[in-house]
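Below you'll find the structure, written out as structure tokens, and then a few comments.
Just so you know, these numbers come straight off a predicted model, no measurement behind them. Counting starts at 1 for both ligands and their atoms, in listed order.
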Amino acid sequence: MLNGPPPKLSTEHLAMVVLVREDGRAGGSVPTYSLDQLPCLTARVRAAGITALKVFATDRRDATGTRAASNNSVMSRAIRVIKSTSPDMEVMTETCLCAYVSTGECHLVGRTGLPDQAATIAALEHQAVRQAKAGADVIGPAAMIPGSVAACRSALDAAGFDQVRVMPHLIVNSRLYSRYRAAMGIRPQQARRPFQLPMTGPTATAVERGLMMVAEGADSLLIEPALFSTDILNGLYAKADVPLLPFSVSGECAALPPALLAEEYCMLLRAGASRVVSHASLTLVDTLRDARPTVPTSRKPSQ
Ligand SMILES: NCc1[nH]cc(CCC(=O)O)c1CC(=O)O
């Protein structure tokens with residue numbers, strides 16, 4: 001809990017999102033990186049004073065998301081590359097199935113066509129342990145399935161990773177995710193992710209879900225989309241005793257220029273955020289640093 005005025009936004013409040021895809025396809029308006037670009041990116045992020053990376057990866061897909069628990073997955077390799085470049089960089093992961101299953105859903109689908117929650121939880125446990133083995137500091141269950149946070153916590157403990165922290169995603173269903181999904185080749189078959197919170201739902205229900213995650217053993221909470229969940233952030237700030245990290249997602253980073261994102265993040269710090277996870281962190285560092293007006297570069301007339 002904060003006492004006194006909120007801190008001034010600076011690099012220590014920012015974690016940088018890194019989307020990794022290995023097939024060389026560009027991510028459109030959201031940048032993606034290949035594994036061989038990660039050492040340079042990690043060094044740049046570190047030099048800018050940012051000490052945490054939130055890593056997302058996409059991989060070969062199949063019915064059960066086999067690659068999610070592979071030692072050789074894009075995610076596992078990305079974690080190893082980042083840690084070997086900068087051992088003190090805090091690596092946070094996404095622990096979810098949407099980048100690994102053919103359906104593009106965050107859960108596995110059973111024979112009846114309905115979500116198979118038990119099978120999904122088992123898959124998330126394996127994925128969490130695999131990410132920890134690769135060197136992750138914080139794993140991030142993102143399927144929003146009740147019980148998955150506690151399951152990941154116990155799986156980590158049983159595998160000897162009790163120092164690895166768990167930061168589940170508390171997700172409100174939003175159109176702001178479409179750029180991320182396009183960048184990662186995620187095409188969910190259902191119009192709406194069934195376990196996410198509805199945008200039209202009451203704040204109290206969302207806060208309750210966050211508190212349930214804390215009761216399941218969450219060490220911190222990632223709340224998304226940052227722009228449209230400040231009520232939940234604020235509600236949790238009053239009730240939860242863990243760090244709260246709003247996630248400034250692809251759609252808001254694409255819609256707002258850096259100067260406005262900086263204002264948004266100041267608001268998030270006022271509302272109780274301890275850190276903001278953002279696709280735009282590196283760009284923002286330049287904005288925060290550049291107090292001096294820059295000389296505009298001459299532009300070629302467009303023809
Ligand atoms: N697997 C959940 C997840 N992980 C990242 C995002 C969106 C992140 C962004 O837009 O930057 C989402 C939401 C979703 O796909 O429903």
Side-chain angles (χ1 to χ4, degrees), residues 14-21 27-33 53-59 61 65 67-68 73-75 78 92-109 115 120-121 123-124 127-128 131 138-145 148-149 152 166-199 201 206 209 213 221-229 232 245-256 261 264-265 268 276-284:
L14 297 171
M16 171 75 186
V17 174
V18 184
L19 308 186
V20 190
R21 65 178 295 169
S29 55
V30 189
T32 55
Y33 299 87
L53 287 180
K54 170 88 176 164
V55 185
F56 295 80
T58 188
D59 217 310
R61 294 166 187 278
R67 293 285 295 170
S73 66
V74 176
M75 174 62 90
M92 307 161 161
T93 63
E94 192 209 34
T95 311
C96 196
L97 291 170
C98 57
Y100 304 89
V101 293
S102 326
T103 59
E105 301 297 347
C106 297
H107 55 264
L108 296 175
V109 177
T120 305
I121 289 176
L124 294 174
Q127 192 183 7
Q131 293 176 346
V138 183
I139 64 112
M144 292 278 294
I145 298 200
S148 58
V149 177
C152 286
V166 179
M167 176 169 69
H169 295 215
L170 183 63
I171 311 179
V172 181
N173 189 51
S174 167
R175 290 180 198 278
L176 287 172
Y177 309 137
S178 56
R179 284 187 160 82
Y180 163 83
R181 292 182 192 168
M184 299 297 262
I186 297 168
R187 284 177 282 274
Q189 293 180 341
Q190 285 172 278
R192 199 189 159 280
R193 297 230 190 263
F195 295 98
Q196 293 182 359
L197 294 155
M199 188 56 82
R209 280 293 286 283
M213 290 173 170
L221 292 174
L222 189 84
I223 309 170
E224 65 187 282
L227 190 57
F228 298 144
S229 58
I232 303 167
L245 290 84
F247 179 8
S248 186
V249 297
S250 53
E252 54 188 273
C253 290
L256 296 175
L261 286 173
E264 179 194 339
Y265 302 170
L268 295 169
V276 180
V277 175
S278 169
H279 294 263
S281 291
L282 205 47
T283 322
L284 219 65

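- In this structure, Arg179 falls outside the shell of residues with a heavy atom less than 4.0 angstrom from ligand 1.
- Numbered from 1 in the order shown, with element, the atoms of ligand 1 that lie under 4.0 Å from a heavy atom of Phe247 read 8 (C), 11 (O).
- Of all heavy-atom pairs between Lys54 and Met167, the closest is NZ-CE, 4.4 Å.
- Taking each heavy atom of Ile145 and His107 in turn, the nearest pair found is CD1-CB, 4.0 Å.
- Although no hydrogens or angles enter the test, the distance criterion places a donor-acceptor pair under 3.5 Å between the side chain of Arg192 and the main chain of Gln196.
- Residues Val101 and Gly65 come closest through the heavy atom pair CG1-N, 3.6 Å.
- Checked against a 6.0 Å centroid threshold, the rings of His279 and Phe56 do not count as neighbours.
- The shortest heavy-atom contact between Ile171 and Ala142 is CD1-O, 3.6 Å.
- Of the protein's non-hydrogen atoms, Ser250 OG, 2.6 Å is the one closest to atom 10 (O) of ligand 1.
- The shortest N or O to N or O distance between His169 and ligand 1 is not under 3.5 Å.
- Each of the atoms 13 (C), 14 (C), 16 (O) of ligand 1 lies under 4.0 Å from some heavy atom of Gln196.
- Within ligand 1, the atoms closer than 4.0 Å to a non-hydrogen atom of Phe56 are 4 (N), 5 (C), numbered from 1 in the order shown.
- By the side chain to side chain contact (heavy atoms under 4.5 Å, CB included) test, Val20 is found to be paired with Val18, Leu35, Leu38, Val55, Ala57, Val74, Ala78, residues two or more places apart in sequence or in another chain being considered.
- The closest non-hydrogen atom to atom 16 (O) of ligand 1, taken over Arg175, Arg192, Arg181, comes from Arg181.
- Here Ile186 has no heavy atoms under 4.0 Å from ligand 1, in either its backbone or its side chain.
- Within the listing of ligand 1, atoms 1 (N) sit less than 4.0 angstrom from a heavy atom of Cys106.
- Residues Thr58 and Arg21 bring no donor and acceptor atom of their side chains to less than 3.5 Å of each other.
- For the residue pair Glu264 and Ala226, the shortest heavy atom distance occurs at OE2-CB, 3.7 Å.
- Using a 4.0 Å cut-off to heavy atoms of Cys96, the atoms of ligand 1 that qualify are 1 (N).
- Taking a cut-off of under 4.0 Å to the non-hydrogen atoms of Leu176, the atoms of ligand 1 that pass are 10 (O).
- For ligand 1, the atoms sitting less than 4.0 Å from at least one non-hydrogen atom of Cys98 are 1 (N), numbered in the order shown with element in parentheses.
- Protein heavy atom closest to atom 1 (N) of ligand 1, with residue, atom name and distance, is Glu94 OE2, 2.9 Å.
- Heavy-atom proximity to His279, at under 4.0 Å, picks out these atoms of ligand 1: 9 (C), 11 (O).
- Across every non-hydrogen atom of Ser250 and Val30, the tightest pair is CB-CG2, 3.8 Å.
- Of the protein's heavy atoms, Glu224 OE1, 3.7 Å lies nearest to atom 12 (C) of ligand 1.
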